[in-house]
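Notes to accompany the following structure.
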Amino acid sequence: MEAAAEPGNLAGVRHIILVLSGKGGVGKSTISTELALALRHAGKKVGILDVDLCGPSIPRMLRAQGRAVHQCDSGWVPVFVDQEQSISLMSVGFLLESPDEAVVWRGPKKNALIKQFVSDVAWGQLDYLVVDTPPGTSDEHMATVEALRPYSPLGALVVTTPQAVSVGDVRRELTFCRKTGLQVVGVVENMSGFVCPHCAECTNVFSRGGGEELARLAGVPFLGSVPLDPELTRSLEEGRDFIRDFPNSPAFPALSSIAQKVLSQAPARLS
């Protein structure tokens, strides 16, 4: 059809997954990054769209800070993270003069950039586009959902931490998904206990089970729990590929399982 021939659209993207949470600090960018890496290791071609405009941390997590964004006939060319060009990334972090520059913008300017990211980035053919969002249910989320709505399939992966305060905020995110017609792929409970690297004992730093209970009450899939893991933190700080470099870490099986559930459920649920 004619729309598919327009430059900069998402016609070549099979599945779009928004990573959402009603609360900041729950690790949306971590889950977005590790989900993308796990999908890549499963043989998929993946893009990451970082629309957390005030906190664009994914370029650092993937060791892509300072890379230049180029123009082509179809719009902006995303930054390729690996030599095989199996992970591409677009972030406002690439458009700032320095990593310390603050994005002090009002809503309309943020919304305009989000729409431009959707319409003017030449993603090409992708199996999955993972969209990392800021916390909350504000203008930026509405702009993202509305800009992406014409490009089905579309679904949300919701991230929480186990404690009641976080779960309460994330419950409102599920309400946002219902009100905007956004299908929920599942809930991930992040920071779910700390596994000691010396004795393997698990300490429930932030309570336990809140994410699983939230998913049960909301009637949506529970994708799994990711423990606090010093090796995961180290890989993100150093911009390393956690899925490749730390297969024996406590968080590895959890993240791999979440990716497998997305692979098995997303095509059926979102096709």
Side-chain angles (χ1 to χ4, degrees), residues 13 17-19 21 24-72 75-103 113 117 121-135 157 159 188 190-191 197 226-256 258-259 262:
V13 179
I17 298 178
L18 279 79
V19 179
S21 180
V26 300
K28 287 184 304 302
S29 296
T30 296
I31 297 299
S32 297
T33 299
E34 299 309 325
L35 175 62
L37 288 169
L39 292 172
R40 190 272 296 271
H41 283 290
K44 304 300 181 183
K45 195 165 185 180
V46 186
I48 308 176
L49 176 57
D50 182 4
V51 296
D52 189 352
L53 303 183
C54 295
S57 53
I58 290 185
R60 176 170 180 171
M61 291 178 173
L62 290 172
R63 201 187 286 176
Q65 274 184 311
R67 302 275 289 276
V69 173
H70 301 287
Q71 293 274 346
C72 69
W76 284 331
V77 179
V79 169
F80 291 103
V81 174
D82 58 337
Q83 289 184 344
E84 297 79 18
Q85 298 189 354
S86 57
I87 294 187
S88 50
L89 170 63
M90 177 55 73
S91 170
V92 72
F94 297 134
L95 308 180
L96 304 177
E97 291 185 3
S98 78
D100 297 328
E101 185 178 347
V103 177
L113 181 60
F117 273 167
V121 177
W123 294 105
Q125 299 294 318
L126 294 178
D127 293 303
Y128 288 88
L129 178 65
V130 179
V131 184
D132 183 42
T133 67
L157 187 153
V159 183
V188 171
N190 195 27
M191 307 181 197
V226 181
L228 287 163
D229 186 344
E231 289 185 328
L232 176 56
T233 303
R234 176 184 162 197
S235 75
L236 293 167
E237 286 290 316
E238 297 176 358
R240 297 174 64 180
D241 185 336
F242 175 79
I243 303 297
R244 181 191 64 205
D245 295 343
F246 298 94
N248 298 319
S249 103
F252 177 88
L255 291 166
S256 296
I258 289 167
V262 169

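Numbering starts at 1 and runs along the sequence shown.
A donor-acceptor pair is defined here as one N or O able to donate and one able to accept, closer than 3.5 Å; no such pair exists between the side chain of Arg40 and the backbone of Val46. Of the possible donor and acceptor atoms, none in the side chain of Ser91 sits under 3.5 Å from a partner among the backbone N and O of Pro56. Between the side chain of Asp50 and the backbone N or O of Met90, no donor-acceptor pair lies under 3.5 Å. Distance alone, capped at 3.5 Å, is enough to place a donor-acceptor pair between the Ser21 side chain and the Val159 backbone.
Leu157 places a side-chain heavy atom less than 4.5 Å from the side chain of Ile17. The shortest side-chain heavy-atom distance between Val92 and Leu113 falls under the 4.5 Å cut-off. Side chains of Val77 and Gln71 form no contact here, defined as non-hydrogen atoms less than 4.5 Å apart. At a threshold of 4.5 Å between non-hydrogen side-chain atoms, the residues Val226 and Ile31 count as touching.
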| field | Derivation and outcome, ring-ring contact (aromatic ring centres under 6.0 Å, His included), residues Phe94 and Trp76 | value | CA-CA 11 Å; Phe94 297 134; Trp76 284 331; over 10 Å; no
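The nearest pair of heavy atoms linking Val121 to Phe117 is CG2-O, 3.0 Å. Taking each heavy atom of Ile58 and Ser32 in turn, the nearest pair found is CD1-CB, 4.1 Å. Summarising the geometry of Glu34 relative to Leu236, their closest heavy-atom pair is OE2-CD2, 3.4 Å, with the distance given to 0.1 Å. Of all the heavy atoms in Pro227 and Ala254, the pair that sits closest is CD-CB, 4.2 Å. Between Pro135 and Gly24, the shortest heavy-atom contact is CB-N, 3.4 Å. Closest non-hydrogen pair, Val262 versus Tyr128, comes out as O-OH, 4.0 Å.
The structure places CG of Leu35 at 9.0 Å from CG of Leu255, a figure rounded to the nearest 0.5 Å. The distance from atom OG of Ser86 to atom CG of Leu126, rounded to the nearest 0.5 Å, is 10.5 Å. The CG atom of Asp241 lies 9.0 Å from the CG atom of Leu62; values are rounded to the nearest 0.5 Å. Note that CZ of Phe246 and OG of Ser235 are 5.5 Å apart. Values are rounded to the nearest 0.5 Å. Atom-to-atom distance recorded for Phe242:CZ and His41:NE2 is 11.0 Å, nearest 0.5 angstrom. Here the straight-line distance linking atom CD1 of Ile48 with atom CD1 of Ile87 works out to 5.5 Å at 0.5 Å rounding.
Salt bridge present: Glu237 and Arg60 bring a charged side-chain N and a carboxylate O closer than 4.0 Å. Taking 4.0 Å as the cut-off between side-chain N and carboxylate O, Asp245 and Arg240 count as a salt-bridged pair. Taking the charged nitrogens against the carboxylate oxygens, Asp229 and Arg234 have no contact shorter than 4.0 Å, which rules out a salt bridge. The pair Lys28-Asp52 does not meet the salt-bridge criterion, since no charged nitrogen lies less than 4.0 angstrom from a carboxylate oxygen.
Each of Leu49, Val19, Val51 was evaluated against Thr133; a single residue qualifies, Val51, per the side-chain contact (heavy atoms from CB on, under 4.5 Å) test.
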